[in-house]
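See structure below.
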Amino acid sequence: MNLLRRHPIALALLALLLWSALQPLPGLVDAVTGTVPTGADLVRPTAYTVLAPLSNVLDALTFLSVQRAKAFLAVWVVALALWGALRRGPLGWRLARALLGPLAIVLLGVGTVLLPRPVPSLVTSDSGVTVIDYHAHTAASHDGRPGWRAQDLAAWHAAQGFQASYVTDHNVIFNQPVDEPIRLLPGVEWSVYAQHVVALGAVAPIDRGVYNRDTRAMLGLFAELHRQGALGLASLPEYWEHHWGDLNEFVAAGVDGFEIVNCAPRAIGFPAALRAQVLQLAAQHDLLVVGASDNHGWGKVTCVWNLSSPSAHGYAANHVIARPIALAQGDWDAWTAAYTQPWLMLRALSWSERSSWITWILVILIYRAVPRRAGDSAGIGILARSLELFTVRRPPG
Ligand SMILES: [Zn+2]
């Protein structure tokens with residue numbers, strides 16, 4: 001009872017870790033069928049699992065939609081500031097605590113975007129498929145991370161199990177030969193009349209003005225890409241936000257496929273009900289459906305991979321494998337993000353990650369529970385001595 005009173009947060013967290021295990025989410029789902037993919041698995045490096053509380057929190061923060069990120073930040077900053085200010089203690093301490101909590105949240109946000117760290121990797125047992133990304137950026141894009149070269153992008157992809165990626169900078173054609181650590185493929189992301197068209201292949205420059213007049217003119221780009229021997233995909237969030245009523249016209253104009261998952265904060269909230277409608281349209285017309293990391297050099301993890309069969313074409317050619325927490329972004333109201341994002345994160349933990357969380361909590365509990373002798377400073381020595389409490393004391397003699 002005493003333990004419960006002194007460490008309510010640690011014990012609540014332990015309870016949540018066990019409770020969420022009763023409603024588990026798989027590490028990966030097929031974004032088309034909603035089932036757990038066969039032949040694809042998420043492999044977590046040892047360092048990732050050892051640091052699971054940090055790894056999982058930073059991943060979960062990466063997969064927030066813009067609206068949910070704002071709500072998450074607002075609620076936690078206010079809650080932690082109030083919690084710090086209203087606890088007992090001298091005014092100076094309370095002020096410091098009221099600032100430290102919100103500062104920690106902001107630092108976590110910065111860490112999510114910039115901190116180098118181990119990342120999970122997708123492995124597939126099917127040697128007939130290529131793990132590929134259809135949409136990613138370098139510093140050549142106006143919103144790309146400064147200094148983010150093609151080689152950095154290739155390394156980012158390789159660390160997560162990709163075997164190839166198209167490079168699709170905003171209105172800047174990519175055609176550098178990069179083969180290591182993975183192959184980078186030529187492409188571009190054309191911005192035309194409130195739509196982004198991801199063009200795949202050795203594309204040629206275009207006069208964007210021709211396609212910028214209206215929707216009809218914009219749709220002419222697909223025929224032009226076909227003339228160049230390239231493919232044109234409709235990107236998220238633009239067709240969702242600006243052209244939702246035009247999708248049949250996209251098909252008639254020759255669109256080769258649709259993004260159905262895109263990890264960019266503005267696109268990750270694409271609702272499941274709308275995804276189902278696009279899937280129906282794509283299946284009907286045998287069009288490609290793809291996932292896009294849309295990486296710009298910020299953040300360390302992708303929310304989606306593609307398993308692509310070079311021999312197949314159209315709807316059957318590609319399997320979109322996503323993190324469930326990313327697919328859920330469009331299904332929960334933004335204002336719930338402060339608790340639904342942690343809950344989705346906890347539900348999706350593997351057993352090794354869950355064990356890591358529990359170990360960290362117990363270590364911290366033991367460290368804090370053992371009274372310090374007078375003159376002792378906080379340090380790892382206290383932890384070592386605390387652990388001695390658990391060793392069997394043999395009777396003397
Ligand atoms: Zn993009």
**Asked** Gln228 and Glu224: side-chain donor and acceptor closer than 3.5 Å?
**Response** yes
**Message:** Ignoring hydrogens and geometry beyond distance, is a side-chain donor-acceptor pair present between Thr138 and Asp169 at under 3.5 Å?
**Reply:** yes
**Item:** Short side-chain to backbone donor-acceptor contact, Arg44 and Pro120, under 3.5 Å
**Value:** no
**Request:** For residues Val66 and Lys70, determine if any side-chain heavy atom of one lies less than 4.5 Å from a side-chain heavy atom of the other.
**Result:** yes
**Asked** Under 3.5 Å, is there a donor-acceptor pair between the Arg68 and Thr340 side chains?
**Response** yes
**Asked** Is the distance between the ring centroids of Tyr239 and Phe258 under 6.0 Å?
**Response** yes
**Candidate pair Asp152 and Arg145, rule salt bridge (charged side-chain N to carboxylate O under 4.0 Å, His left out), full reasoning** = CA-CA 11 Å; Asp152 299 317; Arg145 180 173 178 174; over 6 Å; no
**Donor + acceptor pair across side chains of Tyr134, Asn318 (<3.5 Å)** = yes
**Prompt:** Is the NZ or CZ atom of Arg354 positioned over Trp357's six-membered ring, under 6.0 angstrom from the centre and within 45° of the axis?
**Reply:** no
**Item:** salt_bridge(Asp294, Arg266) N-O dist < 4.0 Å
**Value:** no
**Request:** Inspect the surroundings of CD in Gln23 and state if more than 12 heavy atoms from other residues, nucleotides or ligands are less than 6.0 Å away.
**Result:** yes
**Request:** Determine whether more than 12 heavy atoms belonging to other residues, nucleotides or ligands lie under 6.0 Å from atom NE2 of His226.
**Result:** yes
**Request:** Decide if the gap between the ring center of Trp343 and the ring center of Trp19 is smaller than 6.0 angstrom.
**Result:** yes
**Message:** Would you say the rings of Phe250 and His243 are close, in the sense that their centroids are separated by under 6.0 Å?
**Reply:** yes
**Item:** Value rounded to 0.5 Å, distance of CG in Asp256 from CG in Leu225
**Value:** 8.0 Å
**Item:** No-hydrogen, no-angle side-chain donor-acceptor test under 3.5 Å, Ser350 and Glu353
**Value:** yes
**Request:** Taking the side chain as every heavy atom from C-beta outward, state whether Tyr211 and Val197 have any atom pair closer than 4.5 Å.
**Result:** no
**Prompt:** Are the side chain of Trp305 and the backbone of Gln160 linked by a donor-acceptor contact shorter than 3.5 Å?
**Reply:** yes
**Item:** Modelled atom types, side-chain donor and acceptor of Asn295 and His137, under 3.5 Å
**Value:** no
**Request:** Check whether more than 12 heavy atoms from other residues, nucleotides or ligands sit under 6.0 Å from atom CH2 of Trp148, and answer yes or no.
**Result:** yes
**Message:** Quick one about His242 and Gln195 (side-chain donor to acceptor, distance below 3.5 Å, no hydrogens or angles considered), yes or no?
**Reply:** no
**Asked** Going by distance alone, is a donor N or O of one side chain under 3.5 Å from an acceptor N or O of the other, for Gln329 and Gln341?
**Response** yes
**Item:** Option passing side-chain contact (heavy atoms from CB on, under 4.5 Å) with Val131 (candidates Asn306, Val123, Leu307, Asp126)
**Value:** Leu307
**Item:** Heavy-atom check, side chain of Leu185 versus side chain of Ile132, under 4.5 Å
**Value:** yes
